[in-house]
Each structure stands twice: as C-alpha cells, then as structure tokens.
Amino acid sequence: KSSINRAPRQCTPGELGQVHRLRLELKVLADVGLLGLPNAGKSTLVAAASNARPKIADYPFTTLHPQLGLVRTDEARSFVMADIPGLIAGAAQGAGLGHQFLRHLQRTRLLLHLVDLAPTGPESVEEAVAQLASDIRTIVSELSAYDRSMLKKPRWLVLNKTDMLSDSERADRLRQLQKALRWKGQTFMVSALTREGLQPLLYAIQDEVDRQARDIQSALTEKAALEAQAGSQGEAV
C-alpha cells in the first residue's frame with residue numbers, strides 16, 4: 001500500500017512454513033530435593049524447616065504435588081527445598097506417583113534421603129535395620145532406573161523420627177545400618193516433629209549449597225579467562 005496504490009489487490013504467495021511438535025516438561029528449580037518412601041516425614045521436615053505448608057497426614061501419598069519451601073539460615077543465606085511424593089518399588093516404571101515427579105530432582109544440587117528410623121512392624125533391632133536397609137536400596141534402585149546420572153549427586157541419609165526411640169536405640173540402629181549399607185557418607189539424625197537435630201542439618205545443607213555455588217562460579221570464571229586468553233592469542237597471530 002502506498003499514497004498512489006491505496007487499495008492493492010496483488011499478493012505474493014507464501015512458502016510452506018516449518019512445523020514442530022514439542023512436548024514441554026516443567027522441572028522445578030530447587031537446591032535440595034527430598035526423597036524417600038511414603039510417610040517417611042518429608043512433608044513434616046519441609047514444614048518445620050521452611051515457610052511451606054504442605055498437607056500432612058498419617059497415610060501414604062498425602063503429598064500429591066511437588067512442594068517448594070524457602071529455608072533461611074541467616075539474613076543473607078537461604079536455599080530452596082523440594083518435596084516430592086513418596087517413592088515405591090517400580091516408581092521409575094510408573095508405579096505410584098514417583099515417576100511423575102522424579103524429574104524435579106534432576107536439577108537439585110543435593111539429595112536428602114529421608115528414612116523412618118522407627119518403622120512399625122519389626123520387633124527386633126535386627127529386623128528393623130534389615131527393613132531400613134532394604135527400603136534405602138529400593139530408593140537407590142529407582143533413582144538408577146530413572147536416571148543413572150542422579151546417583152552422582154551428593155546424597156545424605158537423614159534418619160527421621162528419632163523422638164520415638166531412646167538414645168541407645170538410635171545409636172544402635174545407626175551403627176548397624178551404616179554397617180549393613182557400608183555407608184560412609186553424611187548421616188544426620190533428626191525429628192522433624194520436635195525439630196530435634198534440625199538446625200545442624202540445615203546449616204550443613206547451607207554450607208554444601210554455598211560450596212557448590214562457589215565451585216560453579218570459579219569454573220565459569222576460569223573458563224572465561226581461558227577463552228579471553230585464547231582470543232587475545234588469536235588476534236596476535
């Protein structure tokens with residue numbers, strides 16, 4: 001259209017466009033991811049540590065959607081914690097709800113493996129430890145089946161519900177469990193209900209998150225310096 005041709009009637013045929021069929025997946029951004037069996041106390045821990053208010057009840061699969069909570073350890077220090085529905089055997093193949101939400105743990109920097117230290121059913125310490133070790137291996141197997149790269153993430157054992165045991169029972173179960181699993185990683189004993197042992201855990205998490213952030217920043221700075229050096233050498237040549 002112009003000042004002379006005010007009502008144009010000509011056109012240029014368009015070319016065929018490009019068609020893309022996309023499938024988008026939402027992955028929440030969190031520093032720390034909680035995983036464990038149903039009723040391990042993950043939602044109680046998130047509620048005790050952060051400003052999140054997930055639904056809490058004494059039956060499996062109370063959590064139906066990922067829950068994010070901001071945990072502040074200081075005025076200028078904080079991290080985001082993500083709670084997903086409990087995992088069961090076969091979750092990586094779609095059993096239960098875990099398959100729908102395991103992807104939300106892929107971007108986390110640290111995995112907290114929450115374990116009910118006082119499971120109902122076993123009568124002896126040996127039986128309880130055997131069940132705990134089996135439950136922990138089940139979760140590890142599901143992570144491996146879903147995405148083996150998740151096994152490379154730092155994973156800490158958090159033994160919950162210590163308020164239901166005496167000091168000697170806690171120590172005995174911890175010792176036998178570490179022996180059964182040959183576990184040499186970080187282990188914390190807490191009660192999300194009474195908040196016993198919660199502060200040391202949160203400060204340790206904050207230190208780990210800050211350390212990883214510094215390592216990433218250092219790697220990026222080093223990479224930028226090497227690229228700048230290579231660019232300057234190229235110009236000199």
Side-chain angles (χ1 to χ4, degrees), residues 32-49 56 58-63 81 83-92 95-96 98 102 105 108-146 148 150-208:
V32 182
L34 298 181
L35 70 154
L37 294 176
N39 279 12
K42 299 185 297 298
S43 297
T44 304
L45 179 64
V46 170
I56 300 173
D58 189 19
Y59 56 83
F61 299 113
T62 307
T63 300
M81 182 181 290
D83 172 26
I84 68 168
L87 305 180
I88 61 174
L102 273 170
L105 299 178
T108 57
R109 300 180 180 179
L110 172 66
L111 296 176
L112 293 187
H113 190 158
L114 211 64
V115 180
D116 181 354
L117 190 59
T120 57
E123 297 181 357
S124 66
V125 175
E126 291 74 17
E127 291 177 350
V129 170
Q131 179 176 326
L132 292 175
S134 176
D135 293 343
I136 291 170
R137 292 190 183 103
T138 295
I139 299 298
V140 174
S141 296
E142 294 307 318
L143 285 179
S144 176
Y146 183 78
R148 290 192 62 84
M150 294 178 69
L151 296 180
K152 298 179 181 179
K153 290 181 179 292
R155 180 171 58 92
W156 296 356
L157 277 185
V158 180
L159 307 179
N160 190 27
K161 303 185 182 181
T162 56
D163 57 291
M164 301 179 66
L165 301 171
S166 65
D167 291 343
S168 60
E169 288 175 323
R170 301 177 193 177
D172 195 18
R173 294 194 181 193
L174 172 61
R175 178 180 55 80
Q176 293 193 38
L177 183 60
Q178 289 177 326
K179 182 178 179 181
L181 295 172
R182 297 181 180 179
W183 179 260
K184 296 182 180 180
Q186 288 272 34
T187 306
F188 293 85
M189 302 181 71
V190 303
S191 171
L193 182 63
T194 65
R195 303 192 178 191
E196 179 185 358
L198 193 59
Q199 285 300 104
L201 171 63
L202 298 182
Y203 284 124
I205 293 172
Q206 185 70 72
D207 290 340
E208 174 67 16

Sub-4.5 Å side-chain heavy-atom contact between [X] and [Y]:
X: Trp156; Y: Ile205; answer: yes
X: Leu37; Y: Asp116; answer: no
X: Arg173; Y: Val125; answer: yes
X: Val115; Y: Leu157; answer: yes
X: Leu45; Y: Asn160; answer: no

Tell me the closest heavy-atom pair linking [X] and [Y], and the distance in Å.
X: Leu34; Y: Lys42; value: CD1-O, 3.6 Å
X: Leu177; Y: Ala133; value: CD1-N, 3.8 Å
X: Ala192; Y: Gly41; value: CB-O, 4.3 Å
X: Ala204; Y: Phe188; value: CB-CZ, 3.6 Å
X: Ser191; Y: Asp163; value: OG-OD1, 2.7 Å
X: Arg195; Y: Ala48; value: CZ-O, 3.5 Å

Roughly how far, to the nearest 0.5 Å, is the [atom2] atom of [Y] from the [atom1] atom of [X]?
X: Leu201; Y: Gln186; atom1: CG; atom2: CD; value: 9.5 Å
X: Met189; Y: Asp167; atom1: CE; atom2: CG; value: 8.5 Å
X: Leu114; Y: Lys161; atom1: CG; atom2: NZ; value: 9.0 Å
X: Ile139; Y: Ile136; atom1: CD1; atom2: CD1; value: 9.5 Å
X: Met150; Y: Leu35; atom1: CE; atom2: CG; value: 7.5 Å
X: Glu127; Y: Leu132; atom1: CD; atom2: CG; value: 12.0 Å

So, the side chain of [X] versus the backbone of [Y]: is there a donor-acceptor pair under 3.5 Å, distance only?
X: Ser134; Y: Ala130; value: no
X: Ser144; Y: Val140; value: no
X: Thr108; Y: Leu111; value: no

| task | Have a look at Val129 and tell me which of Lys179, Gln178, Gln176 forms a side chain to side chain contact (heavy atoms under 4.5 Å, CB included) with it. | result |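 Answer to the side chain to side chain contact (heavy atoms under 4.5 Å, CB included) test with Val129 among Lys179, Gln178, Gln176: Gln176.
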
| So among Leu117, Thr187, Val190, which one has a side chain to side chain contact (heavy atoms under 4.5 Å, CB included) with Val158? |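 Passing option: Val190.
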
